[in-house]
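Presented below is the structure to which this report refers.
Chain A is the first sequence line, chain B the second, and so forth, proteins listed ahead of strands; every chain is numbered from 1.
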Amino acid sequence: MFARRSDLLLDKDALSRFLPWLIAFMVFLAILAMAGMLVLNATASRWDQGIRGTLTVQVMPAEDPAKDDERLQVVLSVLAQMPEIDRYEMLTDDRLLKLLEPWLGPAAGSRDLPLPRLVDVELKTGADLNAEVLSRQLAARVPGTSVDDHRIWLKRLVRLIQTVEGLATLVLAFIALATVGTVVFTTRTGLDIHREAIEVMHLIGAQDSYVAGQFASRAFALGLKGGVFGLLLAVPTLLGIGYLAQQMDSSLLPDITLGPVHWSALAGLPLVVSLIAMVTARITVMKTLSRML
Amino acid sequence: MTTNDSETVVRFENVGLRYGLGPEVLQDVTFSLAAGSFHFLVGDSGAGKSSLLKLIYLALKPSRGLISLFGRDIATTPRRELPAMRRRVGVVFQEFRLLNHLSAFDNVALPLRVAGVRKSDIQKHVVELLSWVGLKDHLDARPPTLSGGQQQRISIARAVISRPKLLLADEPTGNVDDRMAMRLLHLFEELNKLGTTVIIATHNSHLVKKLKFPKMHLDEGWMEIVGADTERASVPPTSEPGPGGGLFDDGDDDGTRPDLEKLF
């Protein structure tokens, strides 16, 4: 499959039968690592976009609950005068209680629990509003009011995502190195097995590149064969993980579905691995043959 | 023998060869062969005939001395240019060295493939040559399924398919009887007439005496050329041409001598 005709009996090597399997497993692992990386990247990007340009204003309950509405109205009137603000919306008590329910359980439904009032603020696109200034301005009018621009949360999130992405990249690099090592080993063994035939080809005037081309072509074909097999193993695995994640129905888990672009990138991985195998085989043969007369 | 450099195909100057730390198997070998010459390389077993041929077809480097091929010093020729030089040399190996996994056709086609000849030309030339050497019905046969004589013919066809400027044959008649040996020599002689320089290493003293070509005589690593001034003899026609009068038993040609101009 995929290989051009060869003057060497490369198809019948035990190593030729063994290489596609190794590459299949490597591609399988590489696809899982890459899928994880893509999902994290997309999730981080979604969170980032969702959080950037939003603020949350928190109005702490007053000692006298009767003044809560008045305090809230003052805050809303300040927000209404800010030109940078596109829209703001006060979270209803029901919504607030629903958000607290996963942590507090049914007790969150108790109306006796003093709850802060939250206002979700959306800034205009490109607006530059200093959250600290706003916070001071509001606190001056309504003591106990604070503004959260989610910066700390975002910073931690980005750091976490970057660490995991770095690890996934490391895994991909290890897989690429392992592929290169495996191809170097199998190519050298192939050169030993076919030494006699290669010597004859050499003596009748074959350039090193002619022999190297045959090994490279074979490595590409085997790499693609193994890569496609690895992809076929990885696709149901990814779909299975996606299905399980959907079944969990938890707001804690981000959306981990892959888009068409992600699937295309993953589908291209077998080709990348076969190209690595091809180039590695070619360099190995050229280097080894350069030691011949 | 004195020749100008431009006409010299092979030149050895004080060439010595030893394997590892062993004794020299060739010592101070000095000679030059003119383009279009025909020589037998003779000597007892172990005299160094195969080693000398290996030096000429660039399978070995000399331990000392200078070798030049087609007017170029091998020691100073860049490695990347050696394959082009090798393509001008046809070699019939003593043990054939055919690739057993390839068919007779593919074995003979190999020198053309590595030289980048077009597929259609390869097909035409190889089939013609294999037909001529009597193996038309064995194009797809693998060497292990063929007799020693048939393998030898494939080996010879592979060596001559690209019309080499220099043909080296190591005991090319070692596996055949005198009658077949004489027929093979017709092929070499016809190639020689077309300008190919020929060196044949042989133990067959009968052939050497009969043909009176100059002899490169090797004795314990020392070499001398004898009979260079003798008038060149022609290989006599075989007394018993094969069926159809071909060079080989099952050949298709009409005479005992091949028409190489038509063949290539």
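Two residues are said to be in side-chain contact when any heavy atoms from C-beta on lie closer than 4.5 Å; A:Val200 and B:Leu99 meet this criterion. At a threshold of 4.5 Å between non-hydrogen side-chain atoms, the residues A:Asp7 and B:Leu110 count as touching. Here the side chains of A:Ile204 and B:Arg113 are not in contact, with every heavy-atom distance at 4.5 Å or above.
Once rounded to the nearest 0.5 Å, the distance linking CZ of B:Arg79 with CG of A:Leu289 reads 7.0 Å. Between atom NE2 of residue B:His101 and atom NE2 of residue A:His194 there is a gap of 7.5 Å, rounded to the nearest 0.5 Å. For the atom pair NE2 (A:His202) and CG (B:Leu58), the distance works out to 8.5 Å, reported to the nearest 0.5 Å.
Residue B:Pro83 comes nearest to A:Gln207 through the heavy atom pair CG-OE1, 3.4 Å, listed as atom of the first residue, atom of the second, then distance.
Open room surrounds CH2 on A:Trp21; 12 or fewer heavy atoms of other groups in view lie less than 6.0 Å from it. Annotation for A:Arg188: atom CZ does not count as buried by contact number, only 12 or fewer foreign heavy atoms lying within 6.0 Å. Around OH of B:Tyr19, the count of heavy atoms belonging to other residues, nucleotides or ligands within 6.0 Å exceeds 12.
Looking at B:Arg97, the atoms closer than 4.5 Å to chain A (heavy atoms on both sides) sit in the backbone and in the side chain alike. When heavy atoms are compared at a cutoff of 4.5 Å, B:Leu60 approaches chain A solely by way of its backbone atoms N, CA, C and O.
No salt bridge links A:Asp208 with B:Arg80; every basic N to acidic carboxylate O contact stays at or beyond 4.0 Å.
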